[in-house]
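Along the sequence shown, residues are numbered consecutively beginning with 1. Remember, it's 1-based here, ligands and their atoms both numbered in the order they're listed. Just the heavy atoms: all of them, side chains too, but no hydrogens, waters or symmetry mates, feed the values below.
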Amino acid sequence: MVEEVKLKRTLKEYFGYDSFRPQQENIIRSVFEGNDNLVIMPTGGGKSICFQLPALLLPGITIVISPLIALMKDQVDGLTANGIPAAFLNSSQQEKEQQEIFRKIELNEIKLLYVAPESLQYIDAVFSAGNISLIAIDEAHCISSWGHDFRPAYTQLGYLKNRHPQTPMIALTATADKATRQDICDQLNIPYATHHISSFDRKNLSLDVRPGNKKFEQILVFLKGRRGESGIIYCLSRKNTEELAAKLKAKGYEAEAYHAGLSHSDRISIQENFINDKLEIICATIAFGMGIDKSNVRWVIHYNMPKNLEGYYQEIGRAGRDGLPSSTLLFHSYADVVQLQKFAEGSGNAEVQLAKLERMKQYSEALTCRRRILLSYFGEIIPRDCGNCDVCKNPPEFFDGTILAQKALSTIYRLREQEPISMVIDVLRGAQNAQVLEKGFQNLKTYGISQDVSWRDWQQYMIQLINQGYVEIAFHDQNKLKLTSLAKNVLFDHQKVLLAEVTQAEIKKSPVVAEKASENTLFERLRQLRLELAREEGIPAYLIFNDATL
Ligand code: ADP
Ligand code: MG
């Protein structure tokens with residue numbers, strides 16, 4: 001067992017910190033106990049120390065699998081500068097360089113060895129050359145096609161545990177949804193891993209969502225009084241990043257575009273200028289940020305909608321790592337949603353991607369505390385509304401929705417938690433369509449119990465119930481609605497549920513876009529509904545065919 005004093009001393013000596021952050025010490029202890037570990041901690045939470053510090057104290061080498069070759073050198077340089085013997089192996093190196101590293105491995109002169117998943121062919125040689133104490137899989141969500149950044153090369157990592165069952169493994173990621181967590185452990189063959197799940201609440205980040213019209217004008221207003229602060233604007237396309245950077249430059253801001261189409265040297269120099277506060281604003285695609293360690297990013301804007309909440313949370317998480325108040329702003333637009341739907345439909349995993357996008361959209365349209373929604377998505381329930389999001393600061397009207405909630409929850413219960421949102425609403429409203437009748441749902445006790453509430457309003461209430469944590473969507477099981485433990489309090493103990501008045505909702509005021517018919521019935525239905533409702537209310541609504549740009 002390692003003594004506390006020794007851990008603290010190492011932390012101070014090599015990393016310069018006086019104390020551990022929550023969880024770090026527990027995780028490190030568990031590593032020393034020889035367990036496999038799964039670490040879920042938000043971006044900026046301090047995952048690296050959980051394997052870097054043990055690496056220093058363990059007798060042999062710690063192998064770190066890390067996805068980004070481009071960042072490996074920086075990481076290793078950073079460690080070496082702190083006096084930590086580290087090296088990396090990847091395909092960009094000359095043979096001579098690699099031989100030198102192997103020599104050091106044999107002499108046990110290296111403590112941390114970074115390896116790209118594409119370079120797994122070296123692993124066996126490393127194992128036979130050196131004494132391996134620990135395998136760390138950084139950004140472990142890349143192994144799961146359910147995660148938001150799947151990398152095929154990661155799928156080969158399952159073999160490590162089969163081949164070297166005695167070597168403890170630590171897998172780390174900021175992606176926390178339950179299904180992805182399980183998938184990571186399955187694929188890495190670490191069924192008995194100890195799970196360490198940190199709070200995802202980043203209280204210092206304010207959350208703000210606004211309709212995405214006149215975005216550039218809104219950005220200029222946002223930037224007033226923020227001269228000299230560092231910020232990132234995330235865009236969906238390379239073209240957007242360049243246009244936006246040019247427009248900002250024309251207004252006198254120091255801004256640069258950053259995307260995977262730039263040369264390596266350009267990217268490095270932009271990153272460095274940004275990190276050294278020589279560049280205020282980076283207009284980037286999501287290619288920017290993974291592994292970038294800059295503590296004083298004061299704001300993050302999403303010029304376009306991200307494709308899911310994991311990505312969104314990770315990106316806004318790059319702001320305020322120093323713990324100081326920082327702002328985030330998301331522009332919500334149906335044109336983006338339409339485009340993202342197309343991407344999702346064309347992906348290998350359309351059903352899951354579409355469901356995740358739907359949650360992203362629900363977040364943007366939320367009428368309840370946004371932080372609750374975000375955190376409940378990651379399986380965390382906070383005791384009260386956050387007070388630091390736009391909904392909390394400017395709340396809609398609430399009413400006692402306990403009876404409505406009870407009707408919905410008991411319908412989900414009677415449907416044995418086997419149906420998606422649309423069927424639950426159909427049953428509540430007593431719909432006579434073929435699907436309802438075929439399944440015999442007209443005989444359920446709650447059939448037609450709430451015809452007085454329109455389909456659209458029900459949809460909003462259901463989303464609120466999901467967002468407030470009473471109901472979960474089983475993405476990996478046909479989007480069936482499931483009751484959470486909170487639901488029982490409402491059903492059996494009559495716990496009061498507050499719902500936001502939807503007829504006042506801002507949603508009704510924004511222009512609505514719907515897309516051409518597609519195979520996907522749930523989304524198709526929502527689109528049609530939006531279009532119809534918008535037109536009924538005299539709101540300009542558009543049908544978009546092939547071109548999603550408005
Ligand atoms: P993650 O990999 O979880 O995104 P990092 O390991 O890159 O996070 O750490 C994020 C930042 O937090 C870094 O600047 C790191 O030096 C700092 N950090 C980590 N642990 C501590 C600690 N115990 N005390 C102070 N700062 C810390
Ligand atoms: Mg990290």
Side-chain angles (χ1 to χ4, degrees), residues 4 6-29 31 37-56 62 64-72 74-84 86 88 112 114-117 136-143 147-149 151 154 170-176 184 196-202 204-205 230 232 271 274-277 286 288-298 300 310-311 313-324 326 378:
E4 190 170 339
K6 196 164 175 191
L7 292 182
K8 287 261 170 72
R9 207 192 311 129
T10 315
L11 181 71
K12 181 76 184 163
E13 187 178 334
Y14 288 91
F15 303 95
Y17 302 129
D18 294 317
S19 58
F20 286 106
R21 288 202 179 142
Q23 294 273 8
Q24 282 176 333
E25 192 170 348
N26 281 341
I27 295 164
I28 291 169
R29 289 194 177 283
V31 170
N37 290 285
L38 174 72
V39 174
I40 311 282
M41 199 187 271
T43 307
K47 291 186 282 299
S48 317
I49 281 177
C50 301
F51 57 85
Q52 288 171 347
L53 193 147
L56 282 164
T62 293
V64 184
I65 307 287
S66 164
L68 293 171
I69 298 184
L71 296 175
M72 245 174 222
D74 295 349
Q75 283 170 329
V76 167
D77 288 349
L79 289 164
T80 320
N82 283 350
I84 301 170
F88 64 90
L112 276 149
Y114 282 73
V115 181
I137 315 280
D138 205 6
E139 312 289 353
H141 60 277
C142 295
I143 202 172
H148 61 95
D149 191 18
R151 289 166 190 244
Y154 260 67
I170 176 169
L172 311 100
T173 173
T175 289
I184 291 171
H196 306 267
I197 299 171
S198 302
S199 170
F200 269 62
D201 197 357
R202 299 274 313 276
N204 62 321
L205 300 186
S230 300
I232 308 172
Q271 270 180 29
F274 186 62
I275 288 170
N276 300 324
D277 296 330
I286 54 171
F288 180 77
M290 211 202 247
I292 298 275
D293 189 2
K294 178 170 172 64
S295 63
N296 65 340
V297 176
R298 283 280 70 84
V300 167
E310 284 100 323
Y313 202 66
Q314 194 152 42
E315 284 143 23
I316 61 172
R318 301 205 169 106
R321 286 191 182 195
D322 53 10
L324 297 176
S326 306
F378 295 115

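- Against a heavy-atom cut-off of under 4.0 Å, Pro42 is close to the following atoms of ligand 1: 3 (O).
- Using a 4.0 angstrom heavy-atom cutoff, Gly45 counts as in contact with ligand 1.
- Rounded to the nearest 0.5 angstrom, Lys8 NZ and Phe20 CZ are separated by 7.0 Å.
- Regarding atom 14 (O) of ligand 1, its nearest protein heavy-atom neighbour is Asp293 OD1, 3.1 Å.
- Comparing Gln75, Lys47, Gln24 against atom 2 (O) of ligand 1, the shortest heavy-atom distance belongs to Lys47.
- Interface of Ser48 with ligand 1, defined as ligand atoms under 4.0 Å from a residue heavy atom, comprises 2 (O), 5 (P), 6 (O), 7 (O).
- Gln75 has its side chain out of reach of Gln52: every pair of non-hydrogen atoms, C-beta onward, lies at least 4.5 Å apart.
- At a heavy-atom cutoff of 4.0 Å, ligand 1 is contacted by the backbone of Ser19 but not by its side chain.
- Taking a cutoff of 4.0 Å between a charged side-chain nitrogen and a carboxylate oxygen, Arg298 and Asp322 qualify as a salt bridge.
- For Lys294 and Asp277, the salt-bridge test passes: some basic side-chain N is under 4.0 Å from an acidic carboxylate O.
- Note that OG1 of Thr80 and CG of Leu112 are 9.5 Å apart. Values are rounded to the nearest 0.5 Å.
- Of the protein's non-hydrogen atoms, the one nearest atom 8 (O) of ligand 1 is Gly46 N, 3.2 Å.
- Within the 4.5 Å cutoff, the side chain of Glu25 has heavy atoms near those of the Glu4 side chain.
- Under a 4.0 Å criterion applied to the non-hydrogen atoms of Phe20, ligand 1 contributes the atoms 23 (N).
- Under a 4.0 angstrom heavy-atom cut-off, Ala174 registers as lying outside contact with ligand 1.
- Look at Gly317 and you'll find every heavy atom at least 4.0 Å from all atoms of ligand 1.
- Residues Gln271 and Phe288 meet the side-chain proximity criterion, which asks for heavy atoms closer than 4.5 Å.
- At the shortest separation from atom 10 (C) of ligand 1 among protein heavy atoms lies Gly44 O, 3.6 Å.
- The shortest N or O to N or O distance between Ile49 and ligand 1 is not under 3.5 Å.
- Shortest contact from atom 25 (C) of ligand 1 to any protein heavy atom: Tyr17 CD2, 3.3 Å.
- Under the 4.5 Å side-chain criterion, counting only non-hydrogen atoms from C-beta, Val297 is not in contact with Ser326.
- Under the side chain to side chain contact (heavy atoms under 4.5 Å, CB included) test applied with His196, the options Leu38, Val39, Leu172 reduce to a single match, Val39.
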